[in-house]
2 protein chains.
Amino acid sequence: MFSIGEFSKITGLSVKTLRFYHEQNILVPTHIDEQSGYRYYNESKVETARVITQLRNLDFSLNDIAEILAQHEDDSDILDYLATQKESIQQKLKAYREISASLNQIITQETEARIAMNHSTFEVEEKQLETMLIAGVRMRGKYSECGKGFSQIGKKFGRHICGKPMLLHYDTQYKENDADFEACMPVRKGTSTDIISVRELLGGKCVALIHKGPYEDLGRSYEKIIAYVNEKEYEIEVPSREVYIKGPGMIFRGNPKNYLTEIQFMVKE
Amino acid sequence: MFSIGEFSKITGLSVKTLRFYHEQNILVPTHIDEQSGYRYYNESKVETARVITQLRNLDFSLNDIAEILAQHEDDSDILDYLATQKESIQQKLKAYREISASLNQIITQETEARIAMNHSTFEVEEKQLETMLIAGVRMRGKYSECGKGFSQIGKKFGRHICGKPMLLHYDTQYKENDADFEACMPVRKGTSTDIISVRELLGGKCVALIHKGPYEDLGRSYEKIIAYVNEKEYEIEVPSREVYIKGPGMIFRGNPKNYLTEIQFMVKE
DNA sequence: TTACAGGCTCCAGTAACGGGAGAGTCAACA
DNA sequence: TGTTGACTCTCCCGTTACTGGAGCCTGTAA
């Protein structure tokens with residue numbers, strides 16, 4: 001017979017835990033001294049303690065364990081419990097995987113925005129864009145409604161998004177209320193649906209300018225980039241692009257003064 | 001200004017939760033009626049509630065959230081928090097993945113044992129064994145010490161085990177104390193270490209008998225299978241094998257009367 | 001006999017709420 | 001103006017699987 005302290009060392013369960021398991025009728029001492037109330041455990045309880053530990057390691061609740069111990073004595077008897085438990089673990093795994101993906105996305109996003117912030121000259125640049133696969137929702141109306149498009153894409157292709165949200169402008173002039181535009185996101189893979197078109201967006205030479213500040217001020221940056229294009233006598237191809245390097249965050253809205261938006265005009269070579 | 005009930009509907013947080021967040025100074029009502037104690041929230045609190053919900057969805061604790069809300073207002077400010085949180089989520093994922101793997105292993109094991117139990121005639125059979133990759137620990141001494149070998153393999157190759165534990169007997173006669181045997185497990189892949197040898201175990205024709213009952217009684221089944229082999233005048237190749245179809249379970253020791261052990265003698269053709 | 005390790009019970013606290021009791025408040029309707 | 005019923009308030013308990021601590025008792029060795 002072991003005292004509670006000895007039994008604790010043998011089983012690796014804390015004294016507190018053993019007392020608690022006793023109270024819960026999960027692991028009852030073999031003998032209790034009537035005078036002193038001291039708990040004593042015999043050899044056979046070591047095995048019970050091992051079983052409990054195993055089941056706890058499989059994340060079973062003490063309630064489940066009590067039930068299992070009361071009714072069963074062979075692994076094959078508890079296949080149902082194991083299957084149920086597996087289900088519940090799978091659900092937790094799924095939930096945590098989603099959280100992990102969201103965290104990664106936010107971290108990547110903000111890190112990239114920081115890099116862009118630190119490296120940009122905020123002057124008009126000429127650069128080469130790669131061809132990329134995008135998922136897009138063509139819309140007509142106010143620009144402010146583009147959020148719906150992005151969230152549709154997010155829901156369908158959440159896991160496959162591999163770049164920053166973009167708006168493609170199909171109008172050659174600025175339109176307030178009846179604009180023709182497409183909300184889109186670079187994706188790794190995916191197939192088109194009724195609403196969302198998945199396709200390649202061709203790369204090529206472009207003239208780009210990173211705009212810092214609220215979206216209301218985008219006009220000034222557009223003037224600047226158009227002046228540049230005119231001076232160089234470049235021929236512009238629709239659609240033009242707005243890449244949201246940093247906008248309202250996933251968590252905080254953030255300060256619009258810090259928003260970064262890259263305006264890209266594809267030009268013919 | 002919204003009453004707590006209205007605000008609850010807008011934000012999707014329960015009234016109880018809102019009161020709790022108030023108590024914790026995480027989401028304090030805009031105004032509290034001094035007479036009635038009624039809580040009133042204005043428009044701007046909706047945004048705060050959204051931020052809190054987002055952070056809760058990322059599994060942040062309320063303590064973290066309180067800190068974040070008090071000090072920050074942009075996603076890029078909380079990159080450290082996000083990174084830490086990512087770490088903690090990864091750990092949980094890892095833990096649950098391990099649990100899931102264990103559960104799967106037990107379930108598979110017991111299910112297969114059940115099938116073997118229901119389908120076996122418990123007579124000597126002749127069959128063809130496939131070649132398989134195994135990880136084995138060669139040992140010398142008492143059979144009862146094979147457990148050490150199995151646990152060594154389990155620790156190293158846990159994830160890659162793809163079959164039931166086996167004992168290979170290199171002695172041609174039964175030895176009590178100085179037996180030469182190898183504890184091994186089929187694995188999907190792996191490389192040898194000092195102690196563990198990973199290699200192919202060749203298949204071929206074999207004579208097999210499933211023994212039901214405690215290991216002490218194995219002798220009787222050995223007699224039976226040897227009688228059969230002698231009668232057929234087969235030539236036996238060492239090592240012979242013992243496959244533990246059902247032994248002491250991962251959780252319960254189980255009843256030795258229900259243990260299933262397949263004895264396999266490889267025979268020359 | 002004394003010291004001290006080890007044991008006992010009982011209470012509080014954890015995290016993030018949910019349930020419920022008992023009492024007060026608000027708005028509409030008769 | 002009174003009443004009804006929905007809404008809100010505070011306060012307390014319960015959840016899960018323990019841990020920590022206070023205050024007291026017991027066992028054993030010096």
Peer 1: Between protein and nucleotides 8-20 of chain C, map the contacts as a letter string: B base, S sugar-phosphate only, - none, heavy atoms under 4.0 Å, written 5' to 3'.
Peer 2: BB------BBSBB

Peer 1: Between C:dG7 atom C1' and A:Glu6 atom CD, what is the distance in whole Å?
Peer 2: 12 Å

Peer 1: Using whole Å, what does the distance between atom P of nucleotide C:dG6 and atom CZ of A:Phe7 come to?
Peer 2: 18 Å

Peer 1: Give, for atom OG of B:Ser100 and atom CG of B:Leu93, the distance between the pair rounded to the nearest 0.5 Å.
Peer 2: 11.5 Å

Peer 1: Starting at CG of A:Asp59 and ending at P of D:dC18, how long is that distance when rounded to a whole Å?
Peer 2: 11 Å

Peer 1: What pairs of nitrogen or oxygen atoms, one from the protein and one from nucleotides 28-30 of chain D, lie under 3.5 Å apart?
Peer 2:
none

Peer 1: For B:Glu34 and D:dT10, what is the distance between atoms CD and P respectively, to the nearest whole Å?
Peer 2: 14 Å

Peer 1: Which residue pairs pass the ring-ring contact (aromatic ring centres under 6.0 Å, His included) test with at least one member in residues 144-165 of chain A, sequence neighbours excluded?
Peer 2: none

Peer 1: Between P on D:dG27 and CE on A:Met1, what's the gap in Å once rounded to a whole number?
Peer 2: 14 Å

Peer 1: Inspect the surroundings of NZ in B:Lys156 and state if more than 12 heavy atoms from other residues, nucleotides or ligands are less than 6.0 Å away.
Peer 2: no

Peer 1: Salt bridge (Lys or Arg N to Asp or Glu O under 4.0 Å) for B:Glu47 and B:Arg50? Distances and angles first, verdict last.
Peer 2: CA-CA 5 Å; B:Glu47 174 58 17; B:Arg50 194 193 55 79; 2.7 Å; yes

Peer 1: Rounded to the nearest angstrom, tell me the gap between atom CD in A:Gln24 and atom C1' in D:dT16.
Peer 2: 9 Å

Peer 1: Grab the CD-C1' distance between A:Glu23 and D:dT16 for me, whole Å please.
Peer 2: 13 Å

Peer 1: Decide, yes or no, whether a salt bridge links B:Lys246 with B:Glu110 under the criterion of side-chain N to carboxylate O below 4.0 Å.
Peer 2: yes

Peer 1: Within the structure, does a side-chain N or O atom of A:Ser3 lie under 4.0 Å from either OP1 or OP2 of C:dG7?
Peer 2: yes

Peer 1: So which atom in A:Ile4 and which in A:Leu18 form the shortest heavy-atom distance, rounded to 0.1 Å?
Peer 2: O-CD1, 3.7 Å

Peer 1: Relative to each other, are the rings of B:Phe7 and B:Tyr41 parallel, tilted or perpendicular (30° and 60° limits)?
Peer 2: parallel

Peer 1: Could you tell me the separation between the CG atom of B:Leu18 and the P atom of D:dC7, rounded to a whole number of Å?
Peer 2: 15 Å

Peer 1: Let me see the working for B:Ser61 and B:Asn63 under side-chain hydrogen bond (donor to acceptor under 3.5 Å, both in side chains), right down to the final yes or no.
Peer 2: CA-CA 5 Å; B:Ser61 72; B:Asn63 269 339; 5.2 Å; no

Peer 1: Roughly how far, to the nearest 0.5 Å, is CD of A:Glu112 from CD1 of A:Ile115?
Peer 2: 6.5 Å

